[in-house]
Amino acid sequence: MADSHPTLREIGRSLPRLESRAKVNGSVEYIHNLRLPGMLHGKIHRSAIAHGRIVRIDAGAALAVEGVHAVVTAEDVLGICPNPYYGPAFHDQPILALGKVRHVGEPVAIVLAADPHIAEEAADLVSVEYEPLEAVFDEVAAAAPGAPVSHDELRPAGTFTDLKHLAGRKGTNVALETRVRRGDADAGFARADRVFEHTFRTGKVMHAAFEPMVSLAELHGADGLTIHTASQSPSFVRSEIGRLLGWPENRVRVRTAFLGGGFGAKLYIKLEAMVAVCALLVRRPVRIALTMDEQFYTITKHGATVRIKTGVTSDGRMTSRKVETYWNGGAYADIGPRVTQKSGFTAAGPYDIESVALDNYAVYTNDPPAGALRGFGISQLVWAYERQADLIARALGIDPLEFRRRNALRSGGTHATGTTVYGMEVDAVLDRLAERMAWHRPFDRGAGTIRRGRGLAIGVKACVSPTTSTAAVHVHGDGSCAIHCSTVDMGQASDTTLAQMAAEVLGLPTTAIRLIRPDTDVTPYDMATLGSRSTFHMGNAVVRAAEDVRDQLLRIAAAALRVDLAELECRDQAIVSRGGARLTFGDAMRARFAMQAGTLVGVGSYTPHYTKPDGETGQSPDITPFWMLGGAGAEIAVDCETGRIEVTKLVNVADVGRAINPASVERQLTSAAIMQLGFTLFEEMVFSDGQVLNASLADYKIPGLLDLPRDLTGSFVEVPHRDGPFGAKGVGETGVFSPAPAIANALYDAVGITIFEMPLTPERVLRALRESENRPLEKD
Amino acid sequence: MNRFELVEPATLDEAVALLDPDDSAVRAVAGATALILMMKARLFRPSRLVSLRRLQGTLRGVHDEPAGGLRIGALTTLTDLERSDRVRAAAPVVSRALRTLSNVRVRNVATLGGHLAHGDPHMDLPPILMTLGARVRVVSRRGDRWIEMQDLVRGYYVTSIANDELIADVHLPAQPADAHTWYEKFTALSADDWPTVGVAVWYRTGAGRITDARLAVGAATERPMRLAAAEASLIGAAADPASFARAADAAADAIEPLADIRGSAAYKREMVRVHVRRALDKGR
Ligand SMILES: Cc1cc2nc3c(=O)[nH]c(=O)nc-3n(C[C@H](O)[C@H](O)[C@H](O)COP(=O)(O)OP(=O)(O)OC[C@H]3O[C@@H](n4cnc5c(N)ncnc54)[C@H](O)[C@@H]3O)c2cc1C
């Protein structure tokens, strides 16, 4: 498609964001700033224990506080929603704890008051008596027979047919188990020259978006409900709230504004069901806004245990691989089963391996729920397979870059799922990495107590499927244009990127296109803003919608100018003919409606083709609309006396199809690298009996400016994708795949130690170093 | 957050009069950067906060003492301290430490008095001020008294300041021209984190030997403290790597490290060893 556009005007330009000025001067709308007349504030009383039966809830003292309007518990919820369990994959999460609690911090009661401080104080006074039950926090232990079980039975959501068979299953914490089988992995190991087996772990981390979660609900007309929410998935919220209330979707309106970051935290239902129920109970608008601290108990990134076994020939060809991954989903499934499955099938990496067996387990534990976090499980897997790739390469005496080239899965090859690979530019990414890292030049590894090393890694993701997007482009009476779509701009520049596409089709400058904020009463359905899918899916829908309305304009112009349709195109803010005739969009509207008025609507939808994988083997001829390949290279300096790692250089390279806005693409890559740098070096939620010991930004540190590598770059390779809008693929997550193993590989290069668990805190590094020198540090 | 009374007296006398010797729910508040965190965590529920923000005069800023040295008002913000030419000339170790003490937003409002009165063992300035021989003047309706910096923090979040007392100012004696000073801050998490270990050193040399030495550690132990054994090991020793390493071992042996999310006790002991040596070396 891109090549049929030899003269692109708006695509491929690093245009500034449409909303930059408004963001800088503070006039941009955030739901966080919304106040409704007569509104009550809700504050949540949360469980103090990890697992237990609720014996009694005493709200007396809370209700006695002057200014408290109501205290809402599960019993009140039942009056509104007889079946108050929600979730995108499983209907397992009660709006408020019902009968039992399954993690520390689980919402048990909501105190409503006009003054948020009163509500907060009273929330502390709710007293709950529990009968504690045994809890389990480790994902491997929780999956074992005999572990304390949190959910009496599995409750898959009806929407996913592939989960139906799980309904009613009892006595297990394994919510979902998925498999991929290609060839005979065990026979492969028997034939291999060498077999390598390792277990890798990643800890739990949190999104830390700057705008904490916030939702408001108000009654609307006689029988409607409006929810204002900082959500990445307004369409899902509408249908799920409709389902919970037993209402048709058209009675629920969900609107968002710009989001102060999302990263996967603000998906599906978070506070929306609570505010909806509260507003219906008290018949007043209700706002619930979390503190940064409460978010640690709301949604996290999966910790994971990855057992990986690989057989290789002595000349460095991987022939057989088995990966067994336990995903710590916490107390409620959220989107965990999808993370497990959709990322799980990529666990063999971007490699061409003859026999592959992949097992993935979505496991309930008594930690706070885990869901999507920028990368959807991919970075946990890349951590394992790219650390192991280096260990194998080094054991065989093969250069790590060369080892990856020898095993790369290229377009035309067959992925472990059986899908023929298209658009996976491994060679181009490796070439760019080698060039940026000056890989073939000698490298100074330092001396004394400061040692230097370098490493690289590549990782792959399959864009989640099946999903669907719809967009509409409106041309108003004066000829001005607006895109109606439910893609949520949370800082990733989707507004500008989508506007560039519509502008390209319509021959307008990007700045002339306006985006309507997602509002389910106004903007069409979109699955959600997640998984790097918007540029591709919504991009295609917007292009189709723009083409639709463009064609309508051209037909009007053909009639008005009495020229052949084939003579006309949209260019330079008008419809122009080859012969030089010109009609503005406003003129066309006047021609069509006989006055300066009316609306033209172009509509476009996009649903990529997809074939559901076989339940037993995970095989599918068509598993994903596009592959995302990301590579990283790191240079580090290790202080051997403290264990502190300084990342001096970090390069992120992505295969993006085509960069619609190169500056935005680079920023996505470097910002993802910074986020992953924190997860790699020091971010970790520290738990004790399910309690988060560092649930605040004072103690859970995220990278600051002083932590950035001196040399931090994002770079991309462009090979237009046949199905992408103008050849583009998504890029929001690609930058998180590979920095962690690249840094850990550099650590090995520098000092020869291997750490199997993220993050690489100075203490872990020093302990491993001292271990390797046979003078271990005392235990504690 | 609970309901409480907020009073904003205009003078130090009024402020002191509003405190209550027997009620720990009545407290002063200066920059509020530390206190608010405790209130949000429900670790502190005030009945009355006595805000010091309207107090003026010598409670703010850095002043020369007639007899030498500096007097620093308790309400001086950490940013003003960081930028003070007087401080930079008298004790560059303080100016330098401030640059990585939390972040600009916190430093712009946090005060020296709040920093010292909080009693948090993870603060950067107490070990430095201990080695510089600083003293703190506290006032109450009962009058003034002096507290040596090393006696100020007595335990984990416990200070020797009474409920009805306020820090008025901090006195920094004039430093001998030949004093070697250094502060080594080690962060295990982000670069702008609290220290995992902070080590301050001060020593003088004559004829190639160390004639006087003060070492203090913060963040590693339940309160900031001087390291007497390490100091003693330095007196009379050459200012060279071997003596520094001996002092580092003495320091590591002497402490009872406090484990927290930033490091186990064993790791902190090791970090004290490394950073005492580095601080002494960099102080040269
Ligand atoms: C995000 C963050 C990061 C930080 N990082 C660091 C760091 O890296 N290193 C570091 O050293 N510190 C760090 N701090 C702590 C910071 O130094 C303190 O919060 C600050 O110095 C406290 O000063 P304040 O004026 O805000 O005190 P307040 O919060 O106002 O008061 C603190 C305590 O002191 C009492 N108090 C205040 N003034 C007086 C007075 N004149 N007399 C008697 N009692 C008084 C109050 O009653 C209260 O108990 C950090 C803080 C934050 C919020």
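Quick note: numbers below take in every heavy atom, side chains included, and nothing from hydrogens, waters or symmetry partners. For clarity, every value in this text was computed on a predicted model and none was experimentally measured. Lettering of chains follows the sequences in order, A, B, ..., and the numbering in each one begins at 1.
- Between atom CZ of residue B:Arg45 and atom CG of residue A:Asp124 there is a gap of 5.0 Å, rounded to the nearest 0.5 Å.
- Interface summary for chain B: among A:Asp707, A:Thr449, A:Asp293, A:Asn694, the most heavy-atom pairs under 4.5 angstrom belong to A:Asp707.
- Contacts of residues 246-271 of chain B with chain A at a heavy-atom distance below 4.5 Å involve B:Ile261, B:Arg262, B:Gly263, B:Ser264, B:Ala265, B:Ala266, B:Tyr267, B:Glu270, B:Met271, listed in sequence order.
- Of residues 186-196 of chain B, those residues with a non-hydrogen atom less than 4.5 Å from any non-hydrogen atom of chain A are, in numerical order, B:Phe186, B:Thr187, B:Ala188, B:Leu189, B:Ser190, B:Ala191, B:Asp192, B:Asp193, B:Trp194.
- Listed options A:Thr761, A:Leu777, A:Val686, A:Thr291 were ranked by heavy-atom pairs under 4.5 angstrom with chain B; first place goes to A:Leu777.
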Should B:Arg3 and A:Val65 be marked as a side chain to side chain contact (heavy atoms under 4.5 Å, CB included) after you check the CA-CA gap, both sets of side-chain angles, and the distance that decides it?
-> CA-CA 11 Å; B:Arg3 268 167 198 270; A:Val65 176; over 6 Å; no
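- The number of heavy atoms from other shown groups lying within 6.0 Å of CG (A:Asp689) does not exceed 12.
- Residues from residues 699-706 of chain A that place a non-hydrogen atom less than 4.5 Å from a non-hydrogen atom of chain B comprise A:Asp699, A:Lys701, A:Ile702, A:Leu706, given in numerical order.
- Interface residues of residues 277-284 of chain B toward chain A, defined by a heavy-atom distance below 4.5 Å and sorted by number: B:Arg277, B:Arg278.
- Within a 6.0 Å sphere centred on CD of A:Glu778, other residues, nucleotides and ligands contribute 12 heavy atoms or fewer.
- Top candidate by heavy-atom pairs under 4.5 Å with chain B, chosen from A:Lys43, A:Arg770, A:Glu683, A:Glu684, is A:Arg770.
- Environment of OH in B:Tyr157: crowded, with over 12 heavy atoms of neighbouring residues, nucleotides or ligands closer than 6.0 Å.
- A salt bridge links B:Arg42 with A:Glu120; the closest basic N to acidic carboxylate O contact falls under 4.0 Å.
- Residue contact with chain B, scored on non-hydrogen atoms closer than 4.5 Å, is absent for A:Leu681.
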